[in-house]
Number of protein chains: 2
Amino acid sequence: MKRKITLKQIAKELDVSVSTVSKALKDSREISIDTKDKVKAFAKLYNYKPNNIALSLKNRKTKTIGIIIPEIVHYFFTTVIQGIEHVANEKGYNVIICLSNNSFDKEVLNLEFLANGSTDGFILSVAKETQQKEDYHHINEVISQGMPVVMFDRVIDEVICDKVIISDKHGAFEAVQYLIDQSCKKIALISTVDYVSVGKLRTEGYQEALITNDIPINPELILKIEDVDHSEERIEAFFSDKDIDAVFAVNEKFAVNAIKALTKLGKKIPDDISVIGFTDGVVSKSFIPSLSTVNQHGEEMGAKAASLLIDRLEDKVHEQSFQTTVLNTSLIIRDSVKRKTDSL
Amino acid sequence: MKRKITLKQIAKELDVSVSTVSKALKDSREISIDTKDKVKAFAKLYNYKPNNIALSLKNRKTKTIGIIIPEIVHYFFTTVIQGIEHVANEKGYNVIICLSNNSFDKEVLNLEFLANGSTDGFILSVAKETQQKEDYHHINEVISQGMPVVMFDRVIDEVICDKVIISDKHGAFEAVQYLIDQSCKKIALISTVDYVSVGKLRTEGYQEALITNDIPINPELILKIEDVDHSEERIEAFFSDKDIDAVFAVNEKFAVNAIKALTKLGKKIPDDISVIGFTDGVVSKSFIPSLSTVNQHGEEMGAKAASLLIDRLEDKVHEQSFQTTVLNTSLIIRDSVKRKTDSL
DNA sequence: AACACCAACTCTAACGTTTTCGTGTTGAAA
DNA sequence: TTTCAACACGAAAACGTTAGAGTTGGTGTT
C-alpha cells in the first residue's frame with residue numbers, strides 16, 4: 001500500500017524545500033529548468049496529485065456544489081441533477097448530493113453540515129415539510145454567511161436568492177386550454193394539497209384556463225390528494241360518481257392512476273375521456289396509451305441553476321440583485337388525448 | 001454578511017488562546033468551569049461550528065463516501081443511492097455522487113479527483129465502456145493507495161475488493177423456470193450484448209433453466225441488443241416471424257417494448273404470450289398489464305455496500321479477505337404472466 | 001574593491017483545527 | 001520556608017498547500 005505522495009515527501013527525496021517543489025510543479029520561473037525537470041519527473045513517477053482538502057483549506061473554496069433535494073427516486077429530480085452535474089463538471093466543480101427525504105430536520109442538518117466548509121454554494125429544492133412549516137431560517141442562515149444559494153422547482157418567495165422555476169401556472173393553463181380546444185368541457189383536476197407550491201400554481205393555471213373560456217369552476221371536479229401513497233383508491237372513489245370528459249393531473253402518478261381508475265370504471269382513454277399529466281417521465285412515454293404531459297425540462301433547469309450559482313461563486317454577477325429564471329414548459333401530446341381532428 | 005466564526009476569532013474576543021477555546025468546547029477538564037461556560041456561551045451565540053475541511057485535513061479523513069455510477073436517470077441506481085445514503089447518514093458519513101455517464105474517461109477523472117483527499121472510500125458500479133475496455137488500472141490505483149472500494153451490480157472479477165451483487169443468473173433462472181412451470185415452452189430472450197456482465201449472467205440463467213427442463217436452446221429466440229435507444233424497432237422486427245409463448249427480458253425497458261411490439265402484432269398479453277422483465281421500476285408497477293419482474297432490491301444493495309465500506313473504513317474488518325455479498329432477487333408476479341391456475 | 005543585481009533557491013505565514021508538552025500560579029504538606 | 005502536586009492555561013507542531021518575503025552566491029559594472 002503506497003499512500004499518496006505529498007510535496008513534503010518529494011522535497012525530502014530530492015533534497016530541496018517544499019516551496020521549491022510547489023513552484024517547480026507550477027512552472028514558476030523562480031526555479032531553474034534543471035530543478036523543474038527533476039521535480040516534474042519525480043512527481044510524475046510517483047503520480048503526485050495535490051490534495052484537494054489542503055487546497056480547499058488554503059483557498060477557502062472547495063469547488064464543490066451542494067445539492068439538496070427532497071428525494072432521488074424521482075425522475076424529474078434525477079434529470080435536474082444530470083443538468084447540474086453536466087454544467088458543474090464542465091466548469092471544474094464537483095457535486096455533493098444530500099437528500100432531505102422531505103423532512104425539515106434532515107434538510108436543516110444537511111444544510112448546516114455542508115455549510116461548514118464542505119461546499120461553496122447550494123442548489124436546492126425544499127422539502128414538503130419545510131414548505132408546510134414555513135420555517136426558512138436555515139436557508140437564510142447560510143445565505144447570510146455569504147454562501148450563494150439557488151433554489152429550483154419548489155422555491156420560497158420569502159427567501160431572497162436566485163431561483164429557477166418553470167411556469168407551472170402557464171404550463172397547466174396551456175394543458176387545460178388544449179383540452180378545451182379539443183372540445184372538452186367537463187375537466188377534472190387531480191392536484192396536491194395547497195402548501196406544495198407547485199400544486200397550488202398548477203391548480204391556478206387550471207382555474208384560469210376555465211375562467212378564460214367561460215367555463216364555471218366546479219369544486220366537485222377538483223380532487224386534492226394529501227396522502228400520495230394511497231392516491232389510487234382516492235382517485236378511484238373520486239371518479240365513481242363524476243361525469244367528465246377530461247382529466248388534468250398535476251403529476252405523472254396521478255395521471256396514470258386516473259387512467260387506471262377510469263379504465264376500471266369502463267371508460268375508454270382517450271375516446272371517452274382525455275388525460276394530460278405533468279412531468280414527462282419514463283412512465284409517460286411507455287404507458288399505453290402513452291401519456292400527454294407538460295414537459296418540465298428538468299435537465300435544462302439543472303443546467304441553468306448550476307450556471308447561475310457558478311456565476312455568483314466566481315463573482316461574475318456584481319449586483320446584489322437576484323434573478324428568477326422562468327423556464328417554459330412544453331406540451332407533449334401523445335395518445336391519451338382525443339384530438340379534435342381525430343373525430344373527423 | 002457575517003462570515004462563519006472560527007476558533008481564532010473566539011479566542012481573540014475572549015482574550016484566551018485558541019487551544020483553550022478548543023479544549024473548552026470539547027469539555028476538557030484542563031479548563032476551569034468558568035472559562036468553559038464563557039466560551040460555550042460565546043460559541044453558541046455566534047453559532048460556532050467547526051470547519052469540516054480543517055477537520056478533514058487534520059484527521060486525514062473526510063467522513064465522506066464517493067459514489068460513482070454510470071447514470072442517475074435510472075430507477076435502479078437511485079434506489080441504490082437511497083440505500084447508501086440512508087446507512088451513510090446514520091453512521092455520520094456524507095455522500096458525494098459522480099456520474100460517469102458510461103464513459104471510461106469520465107470514470108477515471110472522477111475517481112482520480114475524489115481520491116485526492118475528497119473521500120475516504122468508494123462505492124461504484126463501473127461504466128459500460130470500462131467493462132468493454134477491460135481497463136481497471138484506475139480502480140486498482142485507488143485501492144493500492146489504501147482507499148477501500150466496494151463495487152456493486154456491475155462488478156469486475158479481476159478487481160480485488162468487497163462486492164455486492166444480486167444473483168443475476170439465479171434470478172433469471174427462477175423467472176424462466178416460473179414461465180416453464182406455467183407450461184411455456186417457446187421462451188424468447190431479449191438481452192444486452194455480452195460485455196455487460198449482468199446481461200451475460202442473465203442470459204446464462206435463461207439457458208440453464210431451459211437445459212434443466214430439457215428444452216433445447218434455440219439461438220433464433222435470443223435477441224441481443226447493442227443500441228438501447230433503438231430497441232423498440234429491433235424488438236418489433238425480431239418478433240415478426242417468431243412463434244413463441246413467453247418472453248424473458250433482461251430489463252424493464254426491453255420488457256415494455258416487447259409487450260408493445262407483441263400487442264402491435266396482434267398478440268394478447270398474457271393470454272397469448274407471457275412476459276417477465278428484470279428490475280422492478282416505476283414502469284413495471286403502473287404498466288397495463290402490470291409487469292412481472294425480478295426484483296433487484298436496490299435499496300438493500302446500497303445499504304449493504306455502505307455498511308461494508310464503513311466497516312472497512314473504521315477497521316472493523318481486520319482481515320485482508322474481501323467478501324462478495326450475493327443478494328437474493330425475488331420474483332414478483334403480476335398481470336403480464338398467464339398462470340397455470342388461471343386456465344383451470 | 002565596492003557595489004548592485006540577478007538567478008535560484010529557502011523561510012515563513014496562512015487556511016482552521018486538535019493535541020502534546022510546557023509553564024506559571026496556587027495551596028498545602030513537610 | 002521549602003517542595004511539590006494540582007490546576008489552568010498557552011505555545012507549538014501537525015495535516016498539505018501556496019505566495020510573498022527573505023537569503024544566498026555569483027556575475028557584472030564602475
Side-chain angles (χ1 to χ4, degrees), chain A residues 2-40 42-43 46-64 113-120 145-146, chain B residues 2-40 42-43 46-64 113-120 145-146:
Chain A
K2 40 169 184 148
R3 265 226 157 306
K4 294 234 74 155
I5 198 168
T6 66
L7 288 187
K8 197 191 271 191
Q9 289 166 45
I10 300 183
K12 200 172 171 188
E13 289 299 320
L14 298 181
D15 209 31
V16 291
S17 78
V18 175
S19 22
T20 302
V21 179
S22 173
K23 285 173 183 168
L25 290 173
K26 308 214 115 187
D27 237 337
S28 158
R29 68 207 131 99
E30 282 181 61
I31 309 298
S32 71
I33 309 275
D34 278 5
T35 311
K36 278 199 252 187
D37 286 349
K38 203 171 54 176
V39 171
K40 282 180 190 169
F42 194 91
Y46 284 90
N47 193 24
Y48 170 79
K49 295 270 159 55
N51 179 303
N52 293 327
I53 296 291
L55 284 180
S56 296
L57 186 59
K58 177 119 235 295
N59 302 330
R60 287 133 138 273
K61 56 175 74 167
T62 60
K63 283 270 186 179
T64 303
F113 178 78
L114 292 186
N116 295 320
S118 303
T119 64
D120 296 342
Q145 282 165 10
Chain B
K2 41 171 184 143
R3 267 222 158 305
K4 294 232 75 152
I5 199 168
T6 66
L7 286 187
K8 197 193 272 192
Q9 289 165 43
I10 299 182
K12 198 171 170 188
E13 288 298 319
L14 297 182
D15 209 33
V16 289
S17 78
V18 177
S19 26
T20 303
V21 178
S22 174
K23 287 172 189 168
L25 290 173
K26 311 214 108 185
D27 237 337
S28 157
R29 70 208 130 95
E30 280 183 61
I31 309 297
S32 69
I33 308 276
D34 277 4
T35 311
K36 277 199 249 185
D37 286 349
K38 204 170 56 177
V39 171
K40 283 181 189 168
F42 193 91
Y46 284 89
N47 193 26
Y48 169 79
K49 295 270 160 55
N51 179 304
N52 293 327
I53 296 292
L55 283 179
S56 295
L57 186 59
K58 181 114 237 292
N59 301 331
R60 287 132 138 273
K61 56 175 77 168
T62 60
K63 282 268 184 181
T64 303
F113 179 79
L114 293 186
N116 294 321
S118 301
T119 63
D120 297 341
Q145 282 165 9

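Lettering of chains follows the sequences in order, A, B, ..., and the numbering in each one begins at 1. Values in this document were obtained by computation on a predicted structure and should not be read as measured data.
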For DNA chain C, the residues among residues 3-16 of chain B that have a non-hydrogen atom under 4.0 Å from it
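B:T6, B:L7, B:K8 - these, ordered by number, are the residues of the stretch whose heavy atoms sit under 4.0 Å from the strand.
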Short side-chain N/O contact to D:dA14 OP1/OP2 from B:R60, under 4.0 Å
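For D:dA14, neither OP1 nor OP2 has a side-chain N or O of B:R60 closer than 4.0 Å.
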Presence of B:T35 side-chain N/O under 4.0 Å of D:dA8 phosphate oxygens OP1/OP2
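Answer is no, no contact under 4.0 Å.
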Residues that A:T6 engages under side chain to side chain donor-acceptor pair (under 3.5 Å), provided they are two or more places apart
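Listed in chain order: A:Q9.
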Answer with base, sugar-phosphate or nothing: what part of the nucleic acid does A:S56 contact at a heavy-atom distance below 4.0 Å?
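Counting heavy atoms under 4.0 Å across all strands, no contact is made by A:S56.
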Measuring from atom [atom1] of [X] to atom [atom2] of [Y], what distance do you get when rounded to the nearest 0.5 angstrom?
X: B:T20; Y: B:L25; atom1: OG1; atom2: CG; result: 10.5 Å
X: A:K40; Y: A:I33; atom1: NZ; atom2: CD1; result: 8.0 Å
X: A:Y46; Y: A:I10; atom1: OH; atom2: CD1; result: 10.0 Å

Estimated bend of the helix from C:dA1-D:dT30 to C:dA30-D:dT1 (axis per five terminal pairs, rounded to 10 degrees)
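If I round to tens, the end axes sit 90° apart.
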Counterpart residues, salt bridge (charged side-chain N to carboxylate O under 4.0 Å, His left out), relative to B:K26 (two or more places apart)
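With neighbours one apart ignored, the set is empty.
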Which residues share a salt bridge (charged side-chain N to carboxylate O under 4.0 Å, His left out) with A:E30, sequence neighbours left out
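Testing A:E30 for salt bridge (charged side-chain N to carboxylate O under 4.0 Å, His left out), a comparison that skips the adjacent residues, returns A:K23.
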At their closest point, which heavy atom of A:P50 faces which heavy atom of A:L55, and how far apart are they?
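The answer is CB-CD1, 4.0 Å.
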Would you list the protein and nucleotides 19-27 of chain D atom pairs, both N or O, that sit under 3.5 Å from each other?
residue, atom, partner, partner atom, Å
D:dG20, O6, A:K23, NZ, 2.5

